[in-house]
Amino acid sequence: KPTLVFNGISINSGDEKTSSRTVTVTFNYNGYPEYYWLSESPTLEGAVKTAFTGNPISFELSSEVGVKTLYGKMDDGTTVSATTSDTIELIDANAAILNSIVINSGDVFTASGTVSVLLDTINTITKYRIGTTSDLSSLPWQTYSQATISFASGLSSGAFTLYAQVGNTTSVSEVKS
C-alpha cells in the first residue's frame, strides 16, 4: 500500500465566508487514510481520532463570529501526516454584508456618467446608498430591490470612484469602493 500523502483540507469548497456554523471539510490526499483529526486548535486539542469513511466531513465551528482556522491531519495506520489548515470567516447570519461592487461589468472606461453598479452582498439587504465620496452619511437610504443598480454620477467626463453601503433592519455594512 502506498504511503499516505496528505496535501491539505478545504472548507466549504474554498469559500471565504459562511453564515452557517456547520461546514463541510474535504481532505486532499493520496493513499489510503484510515483516521483523521479536525479541530480549531493548532495542537488539535479536543480532536478525536475518527475513522475516515470518505469526503466530505461535516464539522461544527465554534459560535463566535470571525475568521476560523480548522486544523486537520490523517493516519493510514502506519504514517501520521503533518497537520495542515484552512480558514473561513463565520459571519452573522443577519448582518448586512457588502463583499464588493462592480461597475459596468468591470469596464474601466465609460462614455456615460450613468453606470450600472452590481452590489455583491450576503444575507438579506433592504437598503443601499451609493456616492462618489467615502462618507455616505449625508446620503439618503434607497430601497434595495435588485443587485444591479443604475447610478448617475453627475459627471460628463473624468474619473470617479464609487462608494457603496448596504443595510437591513439589524445592521449596515462597511463602505466599499
Side-chain angles (χ1 to χ4, degrees), residues 8-28 36 38-42 44-47 50 54-72 84-108 110 112-155 159-177:
I9 60 174
S10 174
I11 305 170
N12 284 0
S13 301
D15 288 349
E16 292 181 12
K17 298 178 183 184
T18 182
S19 60
S20 173
R21 288 181 54 203
T22 303
V23 295
T24 57
V25 179
T26 302
F27 287 85
N28 181 5
Y36 72 92
L38 274 176
S39 175
E40 288 186 58
S41 166
L44 296 173
E45 180 179 336
T50 306
N55 282 317
I57 305 297
S58 182
F59 185 89
E60 186 154 329
L61 299 170
S62 58
S63 61
E64 304 81 25
V65 295
V67 176
K68 306 289 184 174
T69 302
L70 281 185
Y71 300 88
T84 66
S85 65
D86 192 18
T87 60
I88 194 162
E89 183 178 0
L90 178 61
I91 58 172
D92 181 337
N94 298 312
I97 296 174
L98 177 58
N99 282 329
S100 65
I101 64 175
V102 178
I103 302 167
N104 286 351
S105 301
D107 289 345
V108 177
T110 182
S112 168
T114 300
V115 294
S116 169
V117 181
L118 173 65
L119 301 175
D120 177 19
T121 63
I122 295 178
N123 299 327
T124 301
I125 305 300
T126 59
K127 59 187 178 179
Y128 75 93
R129 51 189 175 188
I130 298 175
T132 55
T133 63
S134 61
D135 181 3
L136 301 176
S137 62
S138 66
L139 296 178
W141 287 102
Q142 304 295 319
T143 301
Y144 180 89
S145 61
Q146 61 187 20
T148 302
I149 297 154
S150 180
F151 177 78
S153 71
L155 300 174
F160 62 92
T161 300
L162 282 187
Y163 298 87
Q165 185 176 36
V166 296
N168 60 27
T169 57
T170 61
S171 71
V172 296
S173 72
E174 60 185 86
V175 173
K176 296 274 184 156
S177 64

- Task: State, with a plain yes or no, whether a side-chain heavy atom of L70 is found less than 4.5 Å away from one of F59.
- Result: yes
- Within 6.0 angstrom of E89 CD, more than 12 heavy atoms from elsewhere: yes
- Item | Test salt bridge (Lys or Arg N to Asp or Glu O under 4.0 Å) applied to E60 - qualifying residues, sequence neighbours left out | R21
- Query: For the atom pair OG (S171) and CG (N94), what is the distance rounded to the nearest 0.5 Å?
  - Reply: 8.0 Å
Would you mind writing out the side-chain donor-acceptor pairs for residues 138-145 within the sub-3.5 Å range, not counting sequence neighbours?
none

- Message: If only side-chain N and O atoms count, and only distance matters, is there a donor-acceptor pair under 3.5 Å linking T170 with N168?
- Response: yes
- Message: To the nearest 0.5 Å, what is the distance between CG on N123 and CG on D92?
- Response: 7.0 Å
- Task: Can you sort out the partners of E45 under salt bridge (Lys or Arg N to Asp or Glu O under 4.0 Å), two or more places apart, ordered by chain and number?
- Result: none
- Query: Just checking, any donor-acceptor pair under 3.5 angstrom between side chains of N99 and K17?
  - Reply: yes
- Item | L61 side, atom CG; S20 side, atom OG - distance, nearest 0.5 Å | 8.0 Å
- Item | Within-4.5 Å side-chain heavy-atom neighbours: Y36 and I57 | yes
- In Å and rounded to the nearest 0.5 Å, what is the NZ to OG distance from K176 to S134? 14.0 Å
- Distance-only side-chain donor-acceptor flag, S62 / K68, under 3.5 Å: yes
- Scan I11, L90, I91 and name whichever one has a side-chain contact (heavy atoms from CB on, under 4.5 Å) with T18. L90
- Task: Among T22, I88, T26, find the one that has a side-chain contact (heavy atoms from CB on, under 4.5 Å) with N12.
- Result: I88
